[in-house]
Amino acid sequence: MTMEIVVFYIAAAVSVSATTLVVTRTNASHALVYLIVSLLAVAVIFFLLGAPFASALEIVIYAGAIMVLFLFVVMMLDLGRGSVEQERGWLNPSMWVGPGLLTLVLFLEMAWLLAGPMAQTSGTAVLPKEVGIELFGPYLLAVELASILLLASLVGAFHLGRRYMRARREEEADE
Amino acid sequence: MNIDVAYLLILPVLLGVMISAAFLVWIERRLLGFWQDRLGPNRVGPFGSLQIVADMIKLFTKDDWVPPFADRVIFVLAPLAIAAGMLMGFAVVPFGPGLHIIDLNVGLLFFLAMTSLAVYGVLLSGLASNNKYALLGGLRSAAQMVTYEVFMGLSLMGVVILTGSFSLSDVVRAQADMWFFVPQFAGFVVFVIAGLAEAHRLPFDLPEAEHELTAGFHTEYSGMKFGLIMVGEYLSVILASAMITTLFFGGWLGPDFLPPFVWFSLKTAFFIAFFILMRAAIPRPRYDQLMSLGWKILLPVTLINLLVTGAVVLGRGA
């Protein structure tokens with residue numbers, strides 16, 4: 001048990017410091033690498049909390065697919081030294097006031113919850129089968145709504161891509 | 001008890017896998033020579049088997065150069081990410097009954113997670129090199145690997161449905177009556193193709209296609225960092241072969257006259273040889289052909305396979 005607590009605190013420390021660095025980095029690709037590290041640390045925490053399925057999906061989907069696309073876009077944009085300067089200009093101290101206040105509210109809530117009787121979670125392991133039964137039982141509507149959202153984005157991407165392809169084909173025909 | 005065995009296994013697995021990856025360099029060149037009707041490396045040691053030692057001396061003594069225009073930290077760390085991601089994948093491979101580092105109940109997902117993390121090594125080395133060939137190679141590999149990860153995951157779901165578990169030991173035990181490549185033949189074919197694409201091995205090595213991108217994402221790498229990228233590539237070949245063996249060809253199962261671990265190694269070696277044969281036999285497709293093969297053929301095939309498998313399992317009332 002104590003071993004798990006040590007691992008938890010290490011993962012939590014990595015996650016918090018990596019996330020802080022995501023916000024303060026001015027180089028976009030460095031920030032993204034820290035965000036990936038932060039997601040991996042969160043996956044470790046999920047695993048420790050007894051949710052191995054959520055932890056694996058966190059890595060496969062967030063770290064393995066979505067962040068790859070983010071990095072893909074950063075590579076396409078070719079952000080050089082100029083964008084680092086621009087970012088540095090945006091990151092002035094007055095920007096921290098709003099997020100700081102909102103985080104303070106969350107922090108007070110968390111302190112109140114930890115002090116109160118609700119501090120203990122059930123602490124049972126949630127296995128893949130149970131997640132599946134929940135998703136395709138009581139939460140079926142949410143799953144279907146998410147898939148419709150994805151379908152809409154798929155159709156949108158296809159539409160944009162098709163217009164580009166048609167323009168290119170006409171260009172080729174003119175030549 | 002079990003945990004002690006696991007700790008004792010980590011070092012042998014690490015060493016065994018690394019040494020096999022190193023020797024694959026020589027085995028691959030010899031096999032390619034055999035299939036292409038030439039000799040291959042045969043000068044250093046008996047049958048050229050010490051070629052890898054010569055290569056290592058060469059790589060170690062080379063100037064370990066970081067280009068001044070590169071993003072230094074990421075440039076140095078990227079090859080490590082490639083090799084480390086692949087090595088982590090071996091943690092869930094069952095080499096024999098009870099002979100695994102960890103038998104996770106989400107073992108299959110862990111394998112998929114680790115292979116998907118290995119993309120970053122390629123992507124970041126392409127980005128950090130700050131070189132247009134490397135960048136193009138990195139972009140290609142990102143698109144290729146994200147695409148083929150989809151089919152890789154979906155093609156395995158048929159196996160999961162038949163087993164009823166994500167644990168790789170359960171998958172092997174479920175194949176006692178019949179190896180899964182018979183009922184899951186479509187899944188097997190898609191997984192082999194996706195495995196080739198994930199390892200970016202020759203028919204699908206467009207991220208490093210030397211005829212158009214010099215060496216793609218690792219153009220700027222030299223010395224031991226280049227060696228690490230190569231080791232990572234061979235590790236991914238071994239890992240893909242080990243997973244094909246485990247998921248579709250009964251893992252350690254086999255007639256009793258050989259111990260389970262030997263059966264596992266023989267089957268894995270067979271698929272490694274198959275991967276090398278693919279390199280010798282098949283020409284490289286164009287990039288858009290690679291993408292349309294993926295989305296227009298492999299995706300429908302895996303979805304139909306999944307649908308049929310689900311229907312059959314439901315129909316049997318299992």
Side-chain angles (χ1 to χ4, degrees), chain A residues 3 21 25 27-37 39-40 43-44 46-47 50-81 84 125-133 136 150 154 157-158 161 165 168, chain B residues 3 69 71-75 77-78 81 85 88 92 102 104-124 126-130 132 134-147 149-150 152-153 157 160-161 164-167 198 217 288 295:
Chain A
M3 193 64 195
L21 286 166
R25 287 309 85 184
N27 183 325
S29 56
H30 289 186
L32 276 177
V33 174
Y34 279 116
L35 187 52
I36 295 159
V37 172
L39 287 171
L40 294 182
V44 172
F46 276 147
F47 192 84
F53 191 62
S55 136
L57 286 189
E58 169 98 8
I59 300 182
V60 174
I61 294 173
Y62 286 98
I66 293 177
M67 295 317 293
V68 171
L69 293 180
F70 273 52
L71 209 55
F72 192 84
V73 172
V74 169
M75 284 168 91
M76 294 280 229
L77 292 178
D78 185 28
L79 302 167
R81 297 238 155 73
V84 172
V126 184
L127 297 178
K129 207 173 200 166
E130 292 156 37
V131 178
I133 290 169
F136 289 96
L150 285 176
L154 197 67
F158 179 71
M165 289 302 284
R168 214 174 61 170
Chain B
I3 286 172
F69 46 81
D71 190 334
R72 203 183 167 85
V73 179
I74 296 185
F75 187 85
L77 286 178
M88 288 291 284
V92 289
I102 182 167
L104 277 178
N105 53 12
V106 289
L108 199 53
L109 287 174
F110 183 84
F111 157 73
L112 289 175
M114 288 307 130
T115 48
S116 65
L117 284 186
V119 185
Y120 285 116
V122 178
L123 204 54
L124 290 172
L127 178 63
S129 295
N130 212 351
K132 55 189 160 204
L135 187 71
L136 282 171
L139 282 175
R140 276 186 179 185
S141 81
Q144 172 176 335
M145 287 169 105
V146 167
T147 304
E149 236 164 56
V150 175
M152 194 182 222
M157 288 310 124
V160 175
I161 291 176
S165 163
F166 282 112
S167 154
E198 285 279 301
F217 67 93
D288 58 320
W295 291 112

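Numbers restart at 1 for each chain; the letters A, B, ... are given by sequence-line order, proteins then strands. Quick caveat: nothing in here was measured; it's all calculated off a predicted structure.
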For Phe166(B), all residues meeting ring-ring contact (aromatic ring centres under 6.0 Å, His included), sequence neighbours excluded: Phe53(A)
Residue pair Met145(B) / Val68(A), side-chain heavy-atom distance below 4.5 Å: no
Sub-4.5 Å side-chain heavy-atom contact between Leu39(A) and Ile59(A): no
Heavy-atom contact with chain A under 4.5 Å, split by part of Ala118(B): neither
Proximal component of Leu117(B), with respect to chain A [non-hydrogen, under 4.5 Å]: side chain
Pair Tyr120(B)-Leu71(A), side chain to side chain contact (heavy atoms under 4.5 Å, CB included): steps then yes or no: CA-CA 9 Å; Tyr120(B) 285 116; Leu71(A) 209 55; 3.9 Å; yes
Per-residue contact mode, Leu32(A) against chain B (heavy atom under 4.5 angstrom): neither
Interface moiety of Ile61(A) toward chain B, non-hydrogen atoms closer than 4.5 Å: neither
Closest-packed option against chain B by number of heavy-atom pairs under 4.5 Å, given Ala65(A), Pro52(A), Ala43(A): Pro52(A)
Spacing of Phe111(B) atom CZ and Met152(B) atom CE [to the nearest 0.5 Å]: 4.0 Å
Partner chain A: residue of Leu109(B), Leu77(B), Leu139(B) with the largest heavy-atom pair count (under 4.5 Å): Leu139(B)
Between Val150(B), Leu112(B), Thr115(B), Leu124(B), the one whose heavy-atom pairs under 4.5 Å with chain A are most numerous: Leu124(B)
Partner set under side chain to side chain contact (heavy atoms under 4.5 Å, CB included) for Ile133(A), not counting sequence neighbours: Lys129(A)
